[in-house]
Amino acid sequence: MQSMHRWSELFIPTLREAPADAEVASHKFLVRAGYIRQLAAGIYSYLFLGQRSFTKIIGIVRQEMDKVGQEFYLPALHPRELWEASGRWSVMGDNLFRLKDRKGTDLCLGFTEEEIMAEIARKELRSYKQLPQIWYQIAPKFRDEPRPPKSGLLRVRQFLMKDSYSFDIDPAGLDVSYLKHYDAYCRIFDRCGLTYVVVEAHSGAMGGTESHEFMVRTPAGEDLIVSCEKCNYAANLEKASSRLKPVEDLAAAGDGKPVEVHTPGQKTIEDVARYLGVSPKNKIKTLALIVNENDPKTGKAKPRPVVVLMRGDHQLNDAKLSTAVAGKETRPMQEDEIRNLFRSPAGFLGPIGIDWAKDLQDFGRPILLVDEALRNRKNLIAGANKEDYHLKNLTPGHDFQPTAYADLRSVTAGESCPKCGAPLRIDPAVEIGHIFKLGYKYSAAMGARVLDRNGKEVTPIMGSYGIGIERILTAAIEQSNDENGFWLPPQIAPFEIANVRDDLVRTTAEDIARRLSSAGFDVLLDDRDERPGVKFKDADLVGIPFRVTVGKKVTEGTVEIVQRSTREIHDASIGAVTDYFQSLLRPAR
RNA sequence: CGGGGAGUGGCUCAGCCUGGUAGAGCACCUGGUUCGGGACCAGGGGGUCGGAGGUUCAAAUCCUCUCUCCCCGACCA
């Protein structure tokens, strides 16, 4: 793509002011620098500079992916049948963009492409000799998620994704394909100049086992990642665990049997703990939820109450809860539902006095999930399911029987690393890549089968792997900006060098730009008839990492080379400019 | 889905409360001066005030409905 472009002939609509609705740096600067324009909520047009940067990012992704897989290009328009086969037509709900053709046939826009890839595998793959396969594409994805689009390109409804899918004969093969992706992703993000963290991730509602996310720490991020100050432990908050300091249990009161205490008007954990003079750590937090299950008899969705017990000072983690109930959808109970089902006012809920053995009205049998942090605890305090009363002396396993113990709580900053015990930190981050051991879900659903070496029919095992193309650019901007604009790593910048020319020395600037471009650099020559101040401001704004200023010093045979990130100025003789960039940007290997 | 905010020229916004000929800065066009950090002077073009309906002699302004965009929440019982 090396070439010299003249700014005066290009469409680079820079703005002095950011749009009023932009909040994060990358959004403001992408618009101000003329990279993108909004078309509708979460839908953006990519203009010349933006598209040029994406082309470079995609080039890097493609180069590295070609080392491990084969590039396809799949349709964005999918027939309903394929999504019915995997069950995702209904599971995805409104997240899918759906449409009908003129005959009334249902279609949806590609969300990811497991179904399509698995369908190809079903039709074409016959033998273990054809495995492993890794197929990838770089194509638009469409999502209409409940969380509305925001933050410019960080969360949108149409975006570019590199998605790949692996097919292996057995889990050991999947491990290899997974590792290949892990390594390829590291190379891609390294080459894109990003500082990133690889974290263990929640494997999601779709089953599957191992999963890692590639995250870039930034306050603009919507995910929270937990990482150890000392060792290499890092995980998404949805998955992270920690070591807890032991808690001293209360001494049994009276004969040790559950006993009611009067707690008039004390509804919150804090209130009750203060009122009784104990720590919230000795109190049980009782949460009532509803999970929608399918009744095997009727085939209809049947709601089932789920009661969750946590240590009083702990927070329920939705993702962990979702795993604990096998990925089914949950929602908090309404106050009147609590009153109805448990005969208890909200605020005085507890595990005692609920009949765990039978259906509650139209709902199924209740489930009692207890967080691991309550295992082996004793003499705890919980609501008595009675207005203004709590119970003391409650010991899990003795006074009530959990349906199951599970890890349900969110880690908080400062807790101890599960590997080494050092303090954990929590940071917001943007997810730029995700790799996933899918298992057999899609290959089985689509009916893919191959013969193994014994002539036996087996279902190939799949992995799926995604990279958000736009997020690479936004993460890079979030990492490198100041009040005047941003600077990109040269590998993904629309141009590597901006050449600002003074009108008096027009020919010198043209000459330098021409020499740089024929040496293989992407050069943007600012030949506009503008005052120097305007050109400098624009050069600072638009993300180009280096600037050559041809000005007064030309009389001494010198030009300025400015590094945008540091503002460092280096005077170079006119003849040495090309060599300078050669050694800086194209060092011999 | 719930709550809040906002739609006035390409951009940022004022005007609305208290109805009476639609404004500013930036951007754009012409001419001139200027030229190393978003110049200055003079002249000029550009707006169905998101849309529909209503009240009124008269609506950007008041009322009703609607569309769009932004933010927060989807939780601690």
Side-chain angles (χ1 to χ4, degrees), chain A residues 13-24 27-28 31-32 34 37-44 93-94 145-152 155 157 222 266-273 280 283-290 305-319 321 329-339 341-342 344-351 371 382-383 385 387 390 408-410 412 483-485 500-506 526 528-542 547 549-554 559-560 562 567 569:
Chain A
T14 57
L15 262 28
R16 192 183 292 221
E17 286 174 285
D21 50 28
E23 302 231 318
V24 300
H27 186 192
K28 288 178 186 164
V31 174
R32 282 193 56 200
R37 287 293 184 263
Q38 184 174 29
L39 182 62
I43 305 175
Y44 286 87
D94 290 333
E145 293 174 304
R147 277 181 168 280
K150 59 178 289 192
S151 307
R155 184 176 199 87
R157 296 195 292 175
E222 291 189 295
Q266 311 297 314
K267 290 195 173 184
T268 69
I269 304 273
E270 286 292 313
D271 290 347
V272 174
K283 171 94 174 57
I284 293 176
K285 178 189 282 190
T286 307
L287 297 90
L289 305 111
I290 299 280
V306 178
V307 176
V308 173
L309 304 186
M310 316 276 304
R311 197 172 92 183
D313 60 328
H314 285 165
Q315 297 277 109
L316 176 64
N317 185 300
D318 287 341
L321 173 68
E329 211 173 303
T330 58
R331 62 168 178 84
M333 264 191 205
Q334 310 280 330
E335 219 167 300
D336 55 320
E337 287 175 320
I338 292 175
R339 202 170 284 273
L341 290 176
F342 301 129
S344 166
F348 298 94
L349 264 183
D371 184 64
N385 292 325
E387 184 92 42
H390 280 77
L408 296 170
R409 76 184 178 89
S410 288
T412 57
E483 65 280 6
N484 295 310
V500 175
R501 108 191 160 185
D502 191 311
D503 243 9
L504 300 170
V505 285
R506 173 181 306 212
D526 192 350
R528 292 176 298 171
D529 181 20
E530 287 285 357
R531 296 165 59 83
V534 173
K535 296 186 178 189
F536 290 142
K537 286 289 183 188
D538 272 346
D540 284 350
L541 174 63
V542 298
R547 186 180 92 200
T549 308
V550 181
K552 294 206 172 82
K553 292 178 188 163
V554 162
V559 296
E560 284 173 2
V562 185
R567 291 291 165 106
I569 300 175

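Everything quoted here is computed from the prediction, not taken from an experiment. Naming: A, B, ... by sequence-line order, numbering from 1 per chain.
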Strictly below 4.0 Å: does Arg16(A) bring a side-chain N or O up to OP1 or OP2 of A27(B)?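 Looking at the OP1 and OP2 atoms of A27(B), one of them is under 4.0 Å from a side-chain N or O of Arg16(A).
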Just to be sure I understand the rule, does [X] reach a base, reach only the sugar-phosphate, or reach nothing, if contact means heavy atoms closer than 4.0 Å?
X         : answer
Pro13(A)  : nothing
Arg409(A) : nothing
Ala22(A)  : nothing

Which pair of non-hydrogen atoms, one from [X] and one from [Y], has the smallest distance, and what is that distance?
X         : Y         : result
Gln315(A) : Met310(A) : O-CE, 3.5 Å
Pro280(A) : Ala273(A) : N-CB, 3.8 Å
Pro149(A) : Gly42(A)  : CB-CA, 3.5 Å

Check side-chain contact (heavy atoms from CB on, under 4.5 Å) between Ala288(A) and all other residues, then give those that pass, not counting sequence neighbours.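 side-chain contact (heavy atoms from CB on, under 4.5 Å) check on Ala288(A) returns Met333(A), Ile338(A), Phe342(A), Leu349(A).
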Opposite nucleotide pairing with [N], Watson-Crick or G-U, both atom distances under 3.5 Å:
N      : answer
G37(B) : none
C11(B) : G25(B)
C76(B) : none
U30(B) : A42(B)
C49(B) : none

Expressed as a whole number of Å, how far does the P atom of G23(B) sit from that of C69(B)?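 So the two P atoms sit 31 Å from each other.
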Using the C1' atom on both, measure G44(B) against G51(B) and round to a whole Å.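 About 32 Å, rounded to a whole number of Å.
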Counting primed atoms, P, OP1 and OP2 as sugar-phosphate and everything else as base, the B/S/- map of nucleotides 32-37 of chain B against protein heavy atoms under 4.0 Å is --BSBB
Could you write nucleotides 70-77 of chain B as a row of B, S and -, 5' to 3', where a protein heavy atom under 4.0 Å of any base atom gives B, of only sugar-phosphate atoms gives S, and otherwise -? SSS-BSBB
Is the closest basic N to carboxylate O distance between [X] and [Y] below 4.0 Å?
X         : Y         : answer
Asp529(A) : Lys535(A) : no
Asp538(A) : Arg528(A) : yes
Lys150(A) : Glu23(A)  : no

In whole Å, I'd like the distance from the CG atom of Asp526(A) to the P atom of G38(B).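 It is 15 Å, rounded to the nearest whole Å.
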Can you measure Arg157(A) atom CZ to U68(B) atom C1' for me and round it to whole angstrom units?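 Going from Arg157(A) (CZ) to U68(B) (C1'), I get 11 Å.
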What's the verdict on salt bridge (charged side-chain N to carboxylate O under 4.0 Å, His left out) for Asp540(A) and Arg567(A), showing C-alpha distance, side-chain angles and the deciding distance? CA-CA 10 Å; Asp540(A) 284 350; Arg567(A) 291 291 165 106; 3.4 Å; yes
Passing option when Thr549(A) is tested against Lys553(A), Lys552(A), Arg547(A) for side-chain hydrogen bond (donor to acceptor under 3.5 Å, both in side chains):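 The passing option is Arg547(A).
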